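This structure is a prediction, so every number in the text was calculated from the model and none was measured.
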Amino acid sequence: MAEGHTVLVGPNLVQGIALSDLPDGGKLVGHCGDEQVLLVRRGTEVFATAATCTHYGGPLVEGLLVEDTVRCPWHHACFDLRTGEALHAPAFNPLACWSVEQRDGRIFVGEKRKRTAPKPRDGSSGQLPGKIVIVGGGAAGFAAAETLRREQYQGSIVMISDDQAPPVDRPNLSKDYLAGKAPEDWMPLRGEKFYSKNNIGLRLDTKAVDIDLHSREVVLAGEGRIPYDRLLLATGAEPVCLTIPGADHPHVHTLRSFADCKAIIERATTAQRAIVLGASFIGLEVAAALRARGIDVHVVAPDKKPMERVLGSQMGDFIRALHEENGVVFHLEDVASRINGSRVKLRSGGTLAADFLVAGIGVRPRTGLAETAGLSLDRGVVVDAFLETSTPGIFAAGDIARWPDPHTGENIRVEHWVVAERQGRTAALNMLGHREKFAAVPFFWSQHYDVPINYVGHAERWDEIAVEGDIAAKDCLIRFKREGRTLAVASIFRDIESLEAEVEMERQIAT
């Protein structure tokens, strides 16, 4: 097949289809010219949009219709069927839309509609801020900046990041990119021209060290100051570092930034053996990615079962078996006690050999700036339902934010990419005075070889796990319940059920 050639599927929608071929609530994929188009019928209306999600290309025909929106089956992005606008992260780019005509009992798709900027929402209270500063160059910070410009905010935006790279698709750092299956140009969330075109002052390799609340300025290392009318703290989290002897050796890595990932890849090009410390999501995704590169991988972790604390015992057994089938060797209920060159001493007395190590033993929220400024903290930065901190005009989003979750009725902090992106969007709207409560259901996904695990909701504790389907057969839906109420749902290849669980949780907000 020639490069760039697409095999089109479905009917030619320019020539039309019978209205009876598309029942109410139905979806089908056809083509217009050389592009695949999704056709959706809602009552008497018919919509035509691009057929794949703008995030990772998920097939929207396999997604879920909710009113006049479609949700992607892979990572739960949501699009407006009328305008194509991306309503929920992880997608930001809109879908292309086509004009639709019905006549003589048939549906015809016409020209692709010109893309127009979404209308800014009504209801802003008070005067718009002239200067907005965002501290953090990750998911929440990027989403906030993108949303501000999407809402046609015309004021100043300065984005401060102590990273050397512009915002990147961090989940891919431990998945396809690390495995060598994704090119580097997939990684930036937007190209460099996005920031200049949208007049976003992206200040890389710049560290904020204090907030002068009286003068409303962010104080930078090196004496610089940046004034703000509204401020968003989106400083994220940082890896927990090893403290054992030898942890400072150059072949001991953590994975958080693009530079971290590149350093691991460079090491992996000549390595044969690696040790992953920690059986977390990041640790095991790294293990899978390194196995894809043909590297022998040993995982050392104190847990009895991988990820049992988050996913329960049965899923822990499944995940361990999945990785062992792919050649990973586990050393559970053990930890590294010393690193001596290529030899790693274990607490149990054993010794392992490795060309390099990756430590995935957890992360901690980067709350230092908030603490220096005197903001309220509680194992994170305390925010209200609008993501505003204890100091008016200062907001927090992403890994550092502890917010009142309307679904559990508890104050929670979640270290997940999609949550951070969605909080960044909500924080941006509220910095513009819209007073929108953050009520999104937490969602994350993890990838292990060819097995995706989706998780919606949040369950720190449960008293019942209900399994539908067969975990070993990679076809299951698992409900985590407390006092009979479903708090979270994990799934493998049950995409529609995962989406339906998310919608059901949205409709059952705790009072």
Side-chain angles (χ1 to χ4, degrees), residues 13 22-30 35-100 102 107 109 112-113 115-123 143 146-147 150-151 406-407 417-419 421-426 428-429 434 436-445 454 456-457 489 491 494-509:
L13 299 177
L22 187 66
D24 186 13
K27 307 187 293 290
L28 66 80
V29 172
E35 296 186 85
Q36 296 286 180
V37 173
L38 173 72
L39 211 58
V40 175
R41 180 176 172 184
R42 302 291 285 168
T44 60
E45 291 187 281
V46 178
F47 305 100
T49 73
T52 56
C53 178
T54 59
H55 175 232
Y56 280 0
L60 296 179
V61 72
E62 298 175 15
L64 182 68
L65 299 179
V66 182
E67 298 175 347
D68 290 342
T69 69
V70 60
R71 303 196 184 197
C72 176
W74 287 1
H75 307 129
H76 293 209
C78 177
F79 300 91
D80 187 317
L81 289 169
R82 296 181 182 279
T83 66
E85 183 182 0
L87 302 176
H88 297 167
F92 289 97
N93 290 334
L95 297 174
C97 294
W98 281 259
S99 62
V100 178
Q102 298 182 47
I107 302 168
V109 176
K112 183 187 290 188
R113 301 207 307 255
R115 185 172 296 171
T116 58
K119 294 181 180 179
R121 66 196 61 218
D122 298 325
E146 194 273 349
T147 299
R150 196 194 305 191
E151 291 292 317
H407 307 283
W417 183 254
V418 174
V419 173
E421 289 180 318
R422 293 178 180 178
Q423 285 190 343
R425 175 171 172 77
T426 299
L429 295 175
H434 290 293
E436 180 174 301
K437 291 184 177 181
F438 182 73
V441 176
F443 168 80
F444 72 84
W445 80 94
N454 282 1
V456 295
V489 171
S491 63
R494 292 282 188 100
D495 292 337
I496 282 291
E497 290 94 331
S498 178
L499 286 165
E500 289 172 342
E502 181 180 57
V503 172
E504 183 63 24
M505 291 179 194
E506 290 173 355
R507 292 170 177 167
Q508 293 182 349
I509 293 179

Kindly compute the distance separating CG (Leu64) from CG (Leu499), expressed to the nearest 0.5 Å.
5.5 Å
Spell out, as yes or no, whether a donor-acceptor pair under 3.5 Å connects the side chain of Arg42 to the backbone of Glu67.
yes
Does the salt bridge (Lys or Arg N to Asp or Glu O under 4.0 Å) test come out yes or no for Lys27 and Glu62, once each step is laid out?
CA-CA 9 Å; Lys27 307 187 293 290; Glu62 298 175 15; over 6 Å; no
Measuring from Met505:CE to Glu500:CD, what's the distance to the nearest 0.5 Å?
12.0 Å
Would you check if there is a donor-acceptor pair between the side chains of Gln508 and His407 at a distance under 3.5 Å?
no
From CD (Glu45) to CG (Asp68), nearest 0.5 Å:
6.5 Å
On a heavy-atom basis, the closest approach of Trp98 and Arg113 is O-NH1, 3.6 Å
With a 3.5 Å distance limit and no angle check, can you tell me whether Glu502 reaches the backbone of Gly457 through a side-chain donor-acceptor pair?
no
For Thr54 and Pro94, which heavy atoms make the closest approach, and how far apart are they?
CG2-O, 3.4 Å
All heavy atoms of Arg82 vs all of Cys97, minimum pair found to be O-SG, 4.2 Å
Closest non-hydrogen atom pair between Cys53 and Ala91, with its separation:
SG-CB, 4.3 Å
Whether Gln36 side chain and Gly30 backbone form a donor-acceptor pair below 3.5 Å:
yes
Partner of Leu13 under side chain to side chain contact (heavy atoms under 4.5 Å, CB included), picked from Val37, Val100, Leu38, Ile107, is Val37
Going through the checks in order, is the side chain to side chain contact (heavy atoms under 4.5 Å, CB included) test met by Val70 and Cys78?
CA-CA 6 Å; Val70 60; Cys78 177; over 6 Å; no
What's the separation between atom OG1 in Thr147 and atom CZ in Arg422, rounded to the nearest 0.5 Å?
12.5 Å
Between Ser498 (side chain only) and Arg494 (backbone N and O only), is there a donor and an acceptor less than 3.5 Å apart?
no
Between Trp417 and His55, ring centroids under 6.0 Å
no
Assess whether side chain to side chain contact (heavy atoms under 4.5 Å, CB included) is satisfied between Leu39 and Leu22, documenting all intermediate values.
CA-CA 8 Å; Leu39 211 58; Leu22 187 66; 4.0 Å; yes
Kindly determine whether Asp24 and Arg41 satisfy salt bridge (Lys or Arg N to Asp or Glu O under 4.0 Å), including the steps that lead there.
CA-CA 5 Å; Asp24 186 13; Arg41 180 176 172 184; 5.1 Å; no
Taking it one step at a time, do Arg150 and Glu85 satisfy salt bridge (Lys or Arg N to Asp or Glu O under 4.0 Å)?
CA-CA 10 Å; Arg150 196 194 305 191; Glu85 183 182 0; 3.2 Å; yes
CA sep, side-chain torsions, deciding dist, call: Glu506, Arg71, salt bridge (Lys or Arg N to Asp or Glu O under 4.0 Å):
CA-CA 14 Å; Glu506 290 173 355; Arg71 303 196 184 197; 3.0 Å; yes
Would you find a donor on one side and an acceptor on the other, under 3.5 Å apart, between the side chain of Asn454 and the backbone of Asp495?
no
Chi angles and distances behind the side chain to side chain contact (heavy atoms under 4.5 Å, CB included) call for Lys112, Glu35:
CA-CA 10 Å; Lys112 183 187 290 188; Glu35 296 186 85; 3.0 Å; yes
For Trp74 versus Tyr56, what's the shortest heavy-atom pair and its separation?
CZ3-O, 3.4 Å
Nearest atoms (heavy-atom pairs only) where Thr69 meets Asp80:
CG2-CA, 4.5 Å
List the steps, then state whether side chain to side chain contact (heavy atoms under 4.5 Å, CB included) holds for His76 with Val418.
CA-CA 9 Å; His76 293 209; Val418 174; over 6 Å; no
Is the closest side-chain donor-acceptor distance between Thr426 and His434 under 3.5 Å?
no
Flag the pair Val441 / Val503 as yes when at least one side-chain heavy-atom distance between them is below 4.5 Å, and no otherwise.
no
Using the ring of each side chain (for Trp, its six-membered ring), is His75 parallel, tilted or perpendicular to Phe443, with breaks at 30° and 60°?
tilted
